[in-house]
Amino acid sequence: MKKTLTLSLSLFLLPSFADIGDVKLKGYLGERLDAMIKNHVISRDVDYITAPFFEKTERQWRWQTEFWGKWMHSAVPYIAYTGSEKLKSSVDYSIDRILSTQEPSGYIGNYPDELRCSEGWDVWGMKYTMLGLIHYYDAYKNEKTLNACKALCDYVISQLGPDGKRRREVWQTGNWSGYASSSILEPVMWLYNRTNEKRYLDFAHLIVKGMTEPKAGPRLLDLALKGISVADRNGHGNVADKHGGYVSKHNRWKAYEMMSCYQGLLEYAKVTGRKDLVQAAIKTGEDIIREEVNLAGGCASSEAWFHGAKKQHIPYTRLQETCVTTTWMRFCEALYNETGDLKWLDQLERTFYNAYLGALRSDGGEFEAYTPLSGTRWHGMHHCFMHTDCCTSNGPRGYLCYLKELFKIKDDVAIFNFYSSALAKGKLSNKKEVSFEMYSLYPRKNYARIVSHTQGLGVIPLYLRIPQWSAKTMIKLNGKVFSDVKAGEYFVLSHEWKYGDIVEIYFDMPVVAHRLDRYVAFTRGPILLARDSRFADGDLTEPFRRRIVNGEKMDGFTSVCTPSDSIWMAFSATLDIGSHSENPEGALPSTVFFCDFASAGNTWTRNNYYRTWFPIELMPNE
């Protein structure tokens with residue numbers, strides 16, 4: 001038996017979307033996924049989200065055409081997951097509609113000619129259209145779809161490439177110092193990888209030059225390598241906009257679009273070997289962890305970086321946009337696949353269980369636009385004069401990150417990265433099938449049980465990801481105990497699997513206190529805890545009396561039965577809380593209740609409020 005191994009980078013090539021069909025979630029997460037697919041992805045009004053492509057009347061620089069491409073990113077792989085004929089029919093129908101709008105020039109979009117490839121979100125919309133077309137091609141090898149994508153990219157090259165008609169470069173279009181438009185690099189690289197046609201790589205060279213060299217451009221290389229925090233990248237080489245409004249021509253603090261650009265740069269680096277671009281992406285991701293990510297795994301205020309990690313106890317406006325949450329998960333997934341570093345999966349897991357699931361309505365039919373750390377949950381925006389928005393369109397993509405990384409077979413090694421009840425299958429290089437069934441209430445409980453459905457295939461290493469927060473993890477194989485398990489690494493069981501072999505994992509899940517200024521919050525494993533008004537256990541703003549130390553493991557928290565099906569996990573806690581410590585009765589500890597952040601406020605009603613950060617009383621000399 002080997003405790004840990006460093007896996008070769010070849011192990012971390014991005015999986016195809018068909019791979020998610022080999023994992024079937026059960027239990028709570030499976031139910032939530034099934035509801036989201038049924039009530040959101042399958043029920044999407046395809047006529048409605050494709051109508052703008054026919055109209056071509058957009059004159060207010062809006063972004064209607066992103067909605068279809070985002071839907072395709074989730075709809076196509078969920079066909080593989082569910083086998084839904086209804087969803088397949090909707091996707092086919094949408095493709096026919098989109099292709100019917102393509103002009104002889106190759107353009108697919110909704111801007112009139114005189115406004116194309118200029119201000120606004122036209123290039124951004126074409127990016128998502130290209131992604132949608134390529135998703136369909138990858139699943140069904142439909143050459144007509146690939147040719148349409150090539151024609152659309154050729155159109156962009158004719159307008160913004162060398163000697164382009166518009167006499168400008170990609171980074172000089174749109175907003176945010178060129179972030180949004182420059183993120184078209186990702187589908188351009190996808191297209192090159194599928195066609196091997198040099199003009200697409202040449203265009204990618206030009207896009208990357210614009211992303212990295214002009215002083216007034218995105219500056220995604222030098223500012224990252226210099227260690228400039230993502231929240232502090234405004235004004236380097238240009239004059240930053242001071243109004244602080246949502247739309248900004250020159251600022252560089254837009255979270256969603258910045259991360260989208262780095263995903264394209266990582267794709268480009270795989271082909272060109274540009275290690276400096278990989279390092280810039282890694283340094284940017286590490287800065288986001290250090291400076292921006294909160295205890296729920298979310299980030300951004302009004303969609304902008306703002307050094308949010310040290311401000312998360314303060315009620316900043318429009319916290320945790322779901323587009324940022326989903327893109328952060330995708331960025332973490334890309335960085336994990338690039339580096340093999342498990343810290344990115346730690347981040348992805350925390351975000352998924354808190355900020356992501358917290359934004360998903362209980363029936364799966366909608367994603368919240370913003371998810372505050374304290375307050376209420378509510379419906380999202382109506383964007384672009386349509387009854388939808390970017391977040392509810394983007395949301396289903398996030399579940400894919402979790403599904404793709406939960407279980408995989410690479411280089412004849414089986415890997416469990418996440419622990420949810422699931423039937424997981426995969427094929428070895430000899431086409432023989434490996435299969436395991438996992439039973440787990442994790443992270444509600446600290447236990448996961450994996451049963452082998454594999455036999456007669458020889459020794460197959462099974463890699464088990466041990467989260468960084470689980471300091472003392474115990475693993476058993478058929479009753480044999482392995483206690484020398486290291487947090488933040490893979491534990492490897494090299495075993496000749498037989499049907500019925502049992503792996504048991506016991507995680508270390510203390511409740512931990514987190515101090516920030518005069519406030520405290522609590523986590524249990526990857527879960528942020530919250531008080532919720534449905535418990536009716538007192539004023540959620542009353543202060544804690546004791547001097548809680550940052551990082552302290554808290555006694556007095558006990559898992560209890562949830563009061564309703566709408567709350568996933570619940571805990572009672574006996575704590576020194578309240579303002580009347582001078583009273584003999586009031587001085588005694590009080591029992592209050594906590595739930596997981598994803599369940600907090602999930603009735604989406606104004607009288608269901610919650611809180612995650614709590615004030616701590618101070619002495620007069622403090």
Side-chain angles (χ1 to χ4, degrees), residues 36 40-41 43-46 48-53 58 60-75 94 109-111 119-132 135 174-176 179-184 186-187 245-248 251 253-261 263-264 298-305 317-331 351 355-356 358-361 364-372 377-401:
M36 184 194 72
H40 187 348
V41 181
S43 66
R44 197 73 157 146
D45 186 338
V46 173
Y48 190 67
I49 61 175
T50 55
F53 293 90
E58 179 51 52
Q60 298 189 37
W61 315 118
R62 297 186 184 273
W63 52 93
Q64 294 98 327
T65 53
E66 73 170 42
F67 302 142
W68 175 78
K70 289 179 175 180
W71 175 72
M72 286 289 288
H73 188 155
S74 59
S94 78
N110 69 329
Y111 279 62
E119 303 296 327
W121 300 87
D122 187 38
V123 177
W124 172 264
M126 288 188 281
K127 159 200 164 179
Y128 274 109
T129 300
M130 290 177 63
L131 289 172
H135 285 314
N175 295 300
W176 305 103
Y179 278 173
S181 296
S182 296
S183 68
I184 199 173
E186 184 177 17
Y246 168 70
V247 176
S248 173
N251 290 351
W253 58 17
K254 190 72 159 59
Y256 172 15
E257 287 78 357
M258 177 194 284
M259 291 186 289
S260 297
C261 285
Q263 287 177 278
C299 39
S301 169
S302 290
E303 304 159 37
W305 304 124
T317 185
R318 296 182 176 181
L319 285 171
Q320 300 187 141
E321 186 206 19
T322 297
C323 281
V324 176
T325 295
T326 299
T327 307
W328 171 237
M329 292 169 65
R330 294 189 68 225
F331 190 29
T351 302
Y356 179 77
L360 178 60
R361 201 173 67 197
E366 180 185 355
F367 281 85
E368 198 176 23
Y370 304 101
T371 309
R377 306 276 165 87
W378 201 241
H379 304 277
M381 303 165 282
H382 288 195
H383 271 166
C384 312
F385 305 111
M386 295 181 69
H387 297 287
T388 188
D389 61 79
C390 60
C391 293
T392 207
S393 300
N394 220 351
R397 304 165 82 197
Y399 236 116
L400 293 174
C401 301

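Atom set for the values below is all heavy atoms of this structure, side chains included, hydrogens, waters and symmetry mates excluded.
In this structure Ala75 satisfies the side chain to side chain contact (heavy atoms under 4.5 Å, CB included) test together with Val41, Trp71, Leu87, Val91, sequence neighbours excluded. For Ser181, the side chain to side chain donor-acceptor pair (under 3.5 Å) partners two or more places apart in sequence, or in a different chain, are Thr173. In terms of the salt bridge (Lys or Arg N to Asp or Glu O under 4.0 Å) criterion, Glu58 has no residue partners (sequence neighbours excluded). For Ser183, the side chain to side chain donor-acceptor pair (under 3.5 Å) partners are Lys127, not counting sequence neighbours. With sequence neighbours excluded, no residue satisfies side chain to side chain donor-acceptor pair (under 3.5 Å) with Trp176. Every residue meeting the side chain to side chain contact (heavy atoms under 4.5 Å, CB included) condition with Ser182, not counting sequence neighbours, appears here in chain and number order: Val170, Trp171, Met211, Pro218, Cys261. In this structure, Arg397 has no salt bridge (Lys or Arg N to Asp or Glu O under 4.0 Å) partners at least two apart in sequence or on a different chain. Remark: Tyr111 engages no residue in a ring-ring contact (aromatic ring centres under 6.0 Å, His included) (not counting sequence neighbours). The side chain to side chain contact (heavy atoms under 4.5 Å, CB included) check on His387 picks up Tyr48, His382, with sequence neighbours excluded. For Glu66, the salt bridge (Lys or Arg N to Asp or Glu O under 4.0 Å) partners at least two apart in sequence or on another chain are Lys70. Under the ring-ring contact (aromatic ring centres under 6.0 Å, His included) criterion, Tyr370 pairs with no residue, sequence neighbours left out. With sequence neighbours excluded, the residues that form a ring-ring contact (aromatic ring centres under 6.0 Å, His included) with Trp124 are Trp121, Tyr128, Tyr256.
At distances below 3.5 Å, at least one donor-acceptor pair connects side-chain atoms of Thr327 with backbone N or O atoms of Cys323.
Ring geometry for His383 versus Phe67: interplanar angle under 30°, hence parallel rather than tilted (30 to 60°).
Using modelled atom types, one finds a donor on one side chain and an acceptor on the other under 3.5 Å when comparing Arg44 with Ser393.
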